[in-house]
Amino acid sequence: MTSPLQIYDPRERWIVRAADVCLAPLSWMPRRAGRAIRRVLLMRLERIGDLLMAGDAIAHAQAAWAPAEIDLAVGSWNAAIAARIPGIARVVVADVPWLARDGRGDGWPALVRKARAWGDYDLVVNFEPDIRSNILAWMTGAPVRVGYDSGGGGALLTDAAPYDAAAHVATNAGRLIARAARAANIAAPLRSASLRLGVPEEAARNVRERLAAARGPLVGVHASGGRESKQWHLDRFAATARAISRQRGATIVLTGTAADRPLVDAVIRQLGDVPAIDLCGCLDLLELMALVRALDVLVTGDTGPMHLAAAVGTPVVALFGPSNPARYGPIGSGHRIVRVDLPCSPCGRVRRPPERCRGHVPDCMDAISIDSVVDAALAILDERSPRAVNAAP
């Protein structure tokens, strides 16, 4: 079980603890009286999977504070998806450097200016257990600020909640909205709500054109694990694709960003005569959403495309190693989780794996067999189209 403080390195953890000691007097100050909830800011500054796992909580917030105006703060990498969430009045962008993949992001002066300029909010909810984003929530000046204290900065919030490291991210997000509702004096139970993402027609049309030559079921293969600690063997991705295609007559669709090009090329070199469509680096985020919706199944690790597929209703075969599917698994039904129960797995140390797991495929990913992934994918295909069983020549 991983504590939210483990997102920091040891030196950073000491800084966070020291900062909490210095900030403690803020929690003793009188709280400003809350006011009618007219404008709400939801902060989800992390990666695409984190935003999508908070999707139902965002829908819960919209149900709780209707007809209030609800804005969403995200990183620029998620802006296109955030704009597709129904009911969001405005998407505001902040690229925090601790979450930007290239490490650039906005500097603190720019972040502070953005937080102060976001608007006059009655309520801010921060879904990230991190002292740094709690500082941004505090900078907005909202009279009610709700978030987690587990990553530091609880004194900056008017209502601080613990983060349950044993629960799914989506469960924690839903509980946080329920707590925010109580903090805003909403006594009625929250209505059940679910995120529904719509695919733009232009993106869907572009994807249909790219898939025009496909025959048989469409099987997506996303070979990049996103991080070295979550990377499966590339030759096993290729062998899995060959087996699925030959047993079910499937067309393989390869996905990835431009940075994933070397990984995808390594898979392509080992596909042989398997029919395949290479879309690595060819799609923007909305087109990727349209693509995964068109697939019959997506084979991937614990990645953003995994959550994107789940959000549009496409079943996934998800390979899990160091991360815990009970906390980060795809939301919804029909998915297959493939993992091996080693004594050290899931360790949760995705960003900073143990020394013995660096520089190669870690044991928890290495232990996943080709047959287990193929069997999971075939089971999904057969459930979706029983007549396709043994359809390959």
Side-chain angles (χ1 to χ4, degrees), residues 199 203-225 232-256 260-261 263-283 287-320 330 332-338 368-393:
V199 175
R205 183 173 59 252
N206 292 342
V207 166
R208 285 195 298 270
E209 292 173 357
R210 291 178 180 276
L211 298 177
R215 298 293 180 269
L218 291 175
V219 177
V221 173
H222 188 80
S224 172
W232 198 41
H233 297 281
L234 298 177
D235 60 335
R236 295 188 194 178
F237 272 116
T240 296
R242 291 197 304 269
I244 296 171
S245 180
R246 288 168 182 168
Q247 292 187 54
R248 294 295 183 272
T251 295
I252 304 302
V253 182
L254 297 139
T255 63
D260 297 328
R261 185 79 261 169
L263 304 179
V264 174
D265 283 345
V267 173
I268 290 173
R269 286 194 294 269
Q270 301 176 72
L271 285 181
D273 59 354
V274 167
I277 298 175
D278 177 11
L279 296 182
C280 176
C282 299
L283 308 177
E287 289 171 334
L288 177 61
M289 182 167 65
L291 171 65
V292 296
R293 190 182 66 169
L295 298 175
D296 290 285
V297 63
L298 174 66
V299 179
T300 177
D302 171 21
T303 62
M306 175 192 75
H307 291 291
L308 191 58
V312 296
T314 296
V316 299
V317 176
L319 285 57
F320 273 77
S333 59
H335 310 300
R336 297 291 197 282
I337 304 296
V338 183
I368 296 174
S369 69
I370 296 170
D371 286 346
S372 63
V373 181
V374 171
D375 290 346
L378 295 182
I380 289 176
L381 289 176
D382 295 346
E383 288 175 359
R384 288 171 68 84
S385 181
R387 290 175 296 178
V389 178
N390 299 322

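Residues: numbered from 1 along the sequence shown.
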Subject >> Within residues 305-320 or reaching into it, pairs that qualify as salt bridge (charged side-chain N to carboxylate O under 4.0 Å, His left out) - sequence neighbours excluded >> reply: none
**OP:** Return the minimal non-hydrogen interatomic distance between P275 and S245, and the atom names on each side.
**Re:** CD-OG, 3.6 Å
Subject >> Pairs involving residues 267-276, ordered by first then second residue, that meet salt bridge (charged side-chain N to carboxylate O under 4.0 Å, His left out) (sequence neighbours left out) >> reply: R246-D273
Under 3.5 Å, which donor-acceptor pairs link side chains of residues 233-244 to any protein atom two or more places apart or in another chain?
| residue | atom | partner | partner atom | Å |
| --- | --- | --- | --- | --- |
| H233 | NE2 | D366 | OD1 | 2.7 |
| R236 | NH1 | D366 | O | 2.6 |
| R236 | NH1 | I368 | O | 2.8 |
| R236 | NH2 | D366 | O | 3.4 |
| R236 | NH2 | D366 | OD1 | 3.1 |
| T240 | OG1 | R236 | O | 2.8 |
| R242 | NH1 | Q270 | O | 2.5 |

Original post:
Restricting to pairs with a member in residues 301-320, which pass ring-ring contact (aromatic ring centres under 6.0 Å, His included), not counting sequence neighbours?
Top reply: none
N/O donor to acceptor pairs below 3.5 angstrom from side-chain atoms of residues 287-296, sequence neighbours left out:
| residue | atom | partner | partner atom | Å |
| --- | --- | --- | --- | --- |
| E287 | OE1 | D284 | N | 3.0 |
| E287 | OE2 | N206 | ND2 | 3.0 |
| D296 | OD2 | L218 | N | 2.7 |

Enumerate donor-acceptor pairs with a distance under 3.5 Å from any side-chain N or O in residues 208-217 to protein atoms, sequence neighbours excluded.
| residue | atom | partner | partner atom | Å |
| --- | --- | --- | --- | --- |
| R208 | NH2 | E201 | OE2 | 2.6 |
| R215 | NH1 | A212 | O | 3.3 |
| R215 | NH1 | A213 | O | 3.4 |

Throw together a table of side-chain donor-acceptor distances under 3.5 angstrom for residues 372-381, partners on residues two or more places apart or in other chains.
| residue | atom | partner | partner atom | Å |
| --- | --- | --- | --- | --- |
| S372 | OG | S369 | O | 2.7 |
| S372 | OG | S369 | OG | 3.1 |

Subject >> Spacing of CG belonging to L319 relative to OG1 belonging to T300, to within rounding of 0.5 Å >> reply: 7.5 Å
Subject >> Sequence-distant partners of D260, salt bridge (Lys or Arg N to Asp or Glu O under 4.0 Å), two or more places apart >> reply: none
Original post:
From W232 CH2 over to I370 CD1, what is the distance, rounded to the nearest 0.5 angstrom?
Top reply: 5.5 Å
**OP:** Kindly give the heavy-atom pair with the smallest separation between R384 and G313, and that separation in Å.
**Re:** NH1-O, 4.4 Å
Original post:
How far apart are the closest heavy atoms of G225 and T303, and which atoms are they?
Top reply: O-CG2, 3.8 Å
Subject >> side chain to side chain donor-acceptor pair (under 3.5 Å) partners for H222, two or more places apart >> reply: T255
**OP:** Can you see which heavy atom on C280 is nearest to which on R261, and at what distance?
**Re:** O-NH1, 3.3 Å
**OP:** Evaluate the criterion side-chain contact (heavy atoms from CB on, under 4.5 Å) for residue pair L271 and L254; output intermediate values, then yes/no.
**Re:** CA-CA 11 Å; L271 285 181; L254 297 139; 4.0 Å; yes
**OP:** For T314, check side chain to side chain donor-acceptor pair (under 3.5 Å) against everything at least two apart and list the hits.
**Re:** none
Subject >> Nearest atoms (heavy-atom pairs only) where L298 meets P305 >> reply: CD2-O, 3.6 Å
